[in-house]
S.K.: 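Sharing a structure here in structure tokens format.
Residues take their numbers from the sequence shown, with the count starting at 1. Atoms considered below: every heavy atom in the structure, side chains included; atoms not considered: hydrogens, waters and symmetry mates.
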Amino acid sequence: MNTLETDIIRLRALEPEDVNILYKWENDTNIWKLSSTVAPFSRYILRRFIDNQRYDIYQTKQMRLIIELKSEERPVGAIDLFDIDPYNHRAGIGILIYDDRDQGQGYASSALTALIIYSFQTIGLNQLYCNVLSNNQRSLNLFKSKGFSTVGLKKEWIKTTSGWLDEYMLQLINPVKI
């Protein structure tokens, strides 16, 4: 079986045709606090981002994959490796299932499983980490269900329109040393 697939999803590289969906997702102010975004992205910038994905992940220090339903070939979200550190063999991981109707369907869980396997077995990372807002219980549960452990709490880390939110840092160490 392909490492970047499960029974229900496929993780695929960004395509030029994804610019419109990225434009929608990246410019939704309701999710900006998840990515520390404070300004909109133009289609031009997003096209350049997609174009830069052709470079080696160790050069760009990041990789974004589209989470696509295998049955419909429909994108439901994205999963990222960011701050890839080749010396220390670690990377941050972030995930988005955009539409409410697609949340809670197991897509994030399947995508996270596939990316963990890919990160440890193909790229050879030693650890993954993520940052999750303290009020995002669904994401905390997801990462903990995959073996991530809470290693820290950043107090009043994220400013929102209604105040400050704490953010947890979670970490997963590769159980099989390469």
Side-chain angles (χ1 to χ4, degrees), residues 1-86 90-125 128-133 136 138-143 145-146 148 170 172:
M1 186 166 117
N2 184 338
T3 305
L4 295 174
E5 290 186 6
T6 69
D7 56 332
I8 59 173
I9 61 93
R10 171 183 302 110
L11 301 181
R12 66 165 176 80
L14 291 171
E15 298 288 349
E17 299 78 32
D18 292 323
V19 71
N20 288 331
I21 199 156
L22 289 181
Y23 184 81
K24 177 181 176 181
W25 294 346
E26 294 289 351
N27 291 309
D28 184 340
T29 58
N30 294 314
I31 61 172
W32 279 5
K33 66 180 177 262
L34 301 175
S35 61
S36 300
T37 301
V38 295
F41 287 89
S42 68
R43 282 187 174 83
Y44 171 77
I45 292 296
L46 293 169
R47 277 190 212 94
R48 288 185 53 203
F49 175 75
I50 291 170
D51 188 47
N52 284 338
Q53 296 295 295
R54 73 176 187 250
Y55 298 113
D56 185 87
I57 62 172
Y58 297 112
Q59 181 180 358
T60 62
K61 307 281 193 259
Q62 66 182 350
M63 178 177 65
R64 175 169 293 175
L65 298 167
I66 294 294
I67 304 167
E68 182 176 82
L69 296 184
K70 285 173 69 172
S71 62
E72 303 173 35
E73 295 187 1
R74 176 174 65 88
V76 294
I79 191 164
D80 298 343
L81 288 177
F82 61 89
D83 292 340
I84 297 172
D85 182 339
R90 68 175 169 239
I93 190 167
I95 188 165
L96 169 72
I97 302 297
Y98 181 76
D99 199 310
D100 289 343
R101 71 185 164 110
D102 293 321
Q103 295 175 4
Q105 304 299 315
Y107 307 146
S109 179
S110 288
L112 186 54
T113 295
L115 194 60
I116 289 169
I117 292 168
Y118 175 80
S119 297
F120 289 159
Q121 293 180 2
T122 303
I123 300 177
L125 295 179
L128 295 168
Y129 68 89
C130 64
N131 301 297
V132 180
L133 295 176
N136 191 342
R138 189 180 250 171
S139 285
L140 287 169
N141 292 342
L142 170 65
F143 282 100
S145 77
K146 302 301 178 187
F148 281 73
L170 293 92
L172 178 65

S.K.: Applying side-chain hydrogen bond (donor to acceptor under 3.5 Å, both in side chains), can you list everything that pairs with R47, at least two apart in sequence or on another chain?
M.R.: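 side-chain hydrogen bond (donor to acceptor under 3.5 Å, both in side chains) check on R47 returns nothing, list empty.
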S.K.: Which pair of non-hydrogen atoms, one from G94 and one from F82, has the smallest distance, and what is that distance?
M.R.: N-CE2, 3.9 Å
S.K.: How long is the span from the CG atom in L115 to the CD1 atom in I123, to the nearest 0.5 Å?
M.R.: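 With rounding to 0.5 Å, CG (L115) is 7.0 Å from CD1 (I123).
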S.K.: Please name the pair of heavy atoms, one in V132 and one in S139, separated by the smallest distance, quoted to 0.1 Å.
M.R.: CG1-CB, 3.7 Å
S.K.: Tell me, yes or no, whether the heavy-atom count around R48 atom CZ, taken from other residues, nucleotides or ligands under 6.0 Å, exceeds 12.
M.R.: no
S.K.: Working to the nearest 0.5 angstrom, can you tell me the gap between F41 CZ and L46 CG?
M.R.: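 Output value for this atom pair is 7.0 Å.
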S.K.: At their closest point, which heavy atom of A108 faces which heavy atom of I95, and how far apart are they?
M.R.: O-CD1, 3.5 Å
S.K.: Decide side chain to side chain contact (heavy atoms under 4.5 Å, CB included) for L140 and L170; before the verdict, give the C-alpha distance in whole Å, the side-chain angles of both, and the deciding distance to 0.1 Å.
M.R.: CA-CA 9 Å; L140 287 169; L170 293 92; 3.9 Å; yes
S.K.: Taking the side chain as everything from C-beta on, heavy atoms only, tell me whether M63 gets closer than 4.5 Å to L11.
M.R.: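 They are not in contact (no side-chain heavy atoms under 4.5 Å apart), so the answer is no.
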S.K.: Test of understanding: with side-chain contact (heavy atoms from CB on, under 4.5 Å), list the residues that count as partners of N141, not counting sequence neighbours.
M.R.: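 By the side-chain contact (heavy atoms from CB on, under 4.5 Å) rule, N141 matches Q137.
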S.K.: Could you measure the distance from the CZ atom of R74 to the CD1 atom of I21? Nearest 0.5 Å is fine.
M.R.: 9.0 Å
S.K.: Run the side chain to side chain contact (heavy atoms under 4.5 Å, CB included) check on R43 and N20 step by step: do they pass?
M.R.: CA-CA 7 Å; R43 282 187 174 83; N20 288 331; 3.0 Å; yes
S.K.: Please list all pairs passing the salt bridge (Lys or Arg N to Asp or Glu O under 4.0 Å) test where one or both residues lie in residues 14-24, with sequence neighbours left out.
M.R.: R12-D18
S.K.: Could you list the residues that satisfy side-chain contact (heavy atoms from CB on, under 4.5 Å) with A91, not counting sequence neighbours?
M.R.: L81, I84, L125, L128
S.K.: What I'd like to find out is whether the side chain of I93 reaches to under 4.5 Å of the side chain of F148, using heavy atoms alone.
M.R.: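 Yes, side chains in contact.
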S.K.: Atom CD in Q59, atom CG in N52: separation rounded to 0.5 Å?
M.R.: 8.5 Å
S.K.: Tell me, with the steps shown, if I97 and Q105 meet side chain to side chain contact (heavy atoms under 4.5 Å, CB included).
M.R.: CA-CA 10 Å; I97 302 297; Q105 304 299 315; over 6 Å; no
S.K.: Restricting to non-hydrogen atoms, name the atom on I66 and the atom on P75 that form the minimum distance, rounded to 0.1 Å.
M.R.: CG2-CB, 3.6 Å
S.K.: Please report the shortest heavy-atom distance between I50 and P16, naming the atom on each side.
M.R.: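 Heavy-atom minimum between the residues: CG2-N, 4.1 Å.
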S.K.: Considering residues at least two apart in sequence or located in another chain, which fulfil the side-chain contact (heavy atoms from CB on, under 4.5 Å) criterion with D28?
M.R.: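 Listed in chain order: N30, I31, Y98.
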S.K.: Determine, step by step, whether L172 and F143 satisfy the side chain to side chain contact (heavy atoms under 4.5 Å, CB included) criterion, reporting the C-alpha distance in whole Å, the side-chain angles of both residues, the deciding distance to 0.1 Å, and the verdict.
M.R.: CA-CA 9 Å; L172 178 65; F143 282 100; over 6 Å; no
S.K.: Measuring from R90:CZ to D83:CG, what's the distance to the nearest 0.5 Å?
M.R.: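 So the gap between those two atoms works out to 9.5 Å.
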S.K.: Going by the rule side-chain contact (heavy atoms from CB on, under 4.5 Å), which residues pair with R64 if we only count those two or more places apart in sequence or in a different chain?
M.R.: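 Here the qualifying residues are L14, L22, E26, F49, Q53, A78, D80.
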S.K.: Do you know which two heavy atoms are closest between I67 and Y107, and how far apart they sit?
M.R.: CG2-O, 4.5 Å
S.K.: Going by the side chain to side chain contact (heavy atoms under 4.5 Å, CB included) test, name the single residue among S110, S71, S109 that passes it with I8.
M.R.: S110
